[in-house]
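Notes follow the structure.
Small disclaimer: the values here were computed from a predicted structure and weren't measured. Just follow the structure's listing: the first ligand is 1, and inside any ligand the first atom is 1.
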Amino acid sequence: MADLDGVPWPPAPIRTPRLLLRRPAASDRDGVIELLCSEAATRYLGGPQSRADLSLTLPQGPTGRPGVFTIEANRQFVGTVSFDRRDASRPGHVRASGLEIEVSYAVLPDELGNGYGAEALAGALGWVAQVMPREPVVLCTQTANRASMRVAEQAGFLEVARFEEFDAEQWFGVRQPEGATA
Ligand SMILES: CC(C)(COP(=O)(O)OP(=O)(O)OC[C@H]1O[C@@H](n2cnc3c(N)ncnc32)[C@H](O)[C@@H]1OP(=O)(O)O)[C@@H](O)C(=O)NCCC(=O)NCCS
């Protein structure tokens, strides 16, 4: 999959009213393991991984891949928001060539219910608007994932399509850049 080639990285940390979005650090490792082995955080994303396996296999430090932000609240890791390019072979696109900027997000189970997802997404979309001002951002989430659907709506994503993938109904939406006509 193509990554975010050409995007300036690492970014300056992004502050929102309660959160800091920053590039990942080695100290995030325990939090990332907690996310990936959490039933709540992975229910709509393929299911939890084994903590023991993750402890052995997850790299000790961040990969440095552009587009991955750690979400921090009260100086603690609480989740991630990340951008990638949507593989052209998958369903759901807003342009013929595919490879749109796609966002995803996850918050630790103990931190749910605080609205951190919407706040982090708003901050991260501000970053996209600065560094890729002409790019639409797309988002795909299961329709059963009500919290994620609500976060997408709060961030201004509009429905483009619904389709079946991974044995579930998926909602595919887009947030066009400021000033776009379509
Ligand atoms: C999506 C996610 C980040 C949202 O976490 P959060 O910011 O703590 O969300 P909140 O609990 O504050 O809820 C956000 C909104 O959804 C609503 N919501 C939450 N659960 C809901 C449910 N089961 N049904 C309907 N609405 C729900 C909340 O009421 C809130 O709306 P409001 O602001 O109008 O009150 C979190 O659920 C998560 O990490 N999920 C696992 C990872 C995932 O599935 N990511 C999506 C991949 S794109």
Query - Residue, atom name and distance, where the atom is the protein heavy atom closest to atom 13 (O) of ligand 1 - result: A147 CB, 4.5 Å

Query raised in the report: Would you say E111's side chain and Y116's backbone share a donor-acceptor pair under 3.5 angstrom?
Result: no

**Report entry** Plane angle bin for F69 and W127 - parallel if under 30°, tilted between 30 and 60°, otherwise perpendicular
**Finding:** perpendicular

Query raised in the report: For atom 30 (C) of ligand 1, what's the nearest protein heavy atom and its distance?
Result: R150 CG, 3.9 Å

Query raised in the report: Atoms of ligand 1 less than 4.0 Å from A41 heavy atoms?
Result: 41 (C), 42 (C)

Report task. Specify the protein heavy atom at minimum distance from atom 12 (O) of ligand 1: its residue, its atom name, and the distance to 0.1 Å. Result -> G115 N, 2.9 Å

Query raised in the report: Does L112, backbone or side chain, put an N or O under 3.5 Å from an N or O of ligand 1?
Result: no

Requested in this report: Examine N145 against ligand 1 and note whether any of their N/O atoms are separated by less than 3.5 Å.
Outcome: yes

Query raised in the report: Should one rank E153, R43, R146, Q154 by closest heavy-atom distance to atom 26 (N) of ligand 1, which comes out on top?
Result: R146

Report task. Report, as yes or no, whether the 6.0 Å neighbourhood of atom CZ on R23 holds more than 12 heavy atoms from other residues, nucleotides or ligands. Result -> no

Query - Under-4.0 Å heavy-atom contact with ligand 1, by part of L45 that carries it - result: side chain

**Report entry** E169 backbone acceptor or donor facing R162 side chain under 3.5 Å
**Finding:** no

Query raised in the report: Would atom 8 (O) of ligand 1 count as contacted, meaning some protein heavy atom under 4.0 Å?
Result: yes

Query raised in the report: Would R95 and E135 pass as an ion pair if we require N to O under 4.0 Å?
Result: yes

Query raised in the report: Do other residues, nucleotides or ligands put more than 12 heavy atoms under 6.0 Å from E39 CD?
Result: yes

Report summary line: Quick note on ligand 1: atoms under 4.0 Å from a heavy atom of Y116 include exactly 7 (O)

**Report entry** Pairwise distance CD(E100) to SG(C140) - rounded to 0.5 angstrom
**Finding:** 11.0 Å

Report summary line: In this structure, atom 45 (N) of ligand 1 is nearest to the protein heavy atom Y105 O, 2.7 Å

**Report entry** atom 28 (C) of ligand 1 protein-contacted, heavy-atom criterion under 4.0 angstrom
**Finding:** no

Query raised in the report: Within the side chain of R29, is there an N or O that forms a donor-acceptor pair under 3.5 Å with the backbone of P59?
Result: yes

Query raised in the report: For atom 14 (C) of ligand 1, what's the nearest protein heavy atom and its distance?
Result: V151 CG2, 4.1 Å

Query - Which residue and heavy atom of the protein sit nearest atom 6 (P) of ligand 1, plus the separation - result: G117 N, 4.0 Å

Query raised in the report: Hey, is the main chain of V138 close enough, under 3.5 Å, to the side chain of R86 for a donor-acceptor pair?
Result: no

Report summary line: closest protein heavy atom to atom 46 (C) of ligand 1 is S148 OG, 3.4 Å

Report task. Scan the protein's non-hydrogen atoms and note whether one is under 4.0 Å from atom 37 (O) of ligand 1. Result -> yes

Query raised in the report: Has the side chain of R18 got a donor or acceptor atom that lies under 3.5 Å from a matching backbone atom of R15?
Result: no

Report task. Report yes if V107 has an N/O atom closer than 3.5 Å to an N/O atom of ligand 1; otherwise report no. Result -> yes

Query raised in the report: Quick one: does atom 2 (C) of ligand 1 have a protein heavy atom under 4.0 Å from it?
Result: no

Query raised in the report: N74 side chain to Q76 main-chain N or O, any donor-acceptor pair under 3.5 Å?
Result: no

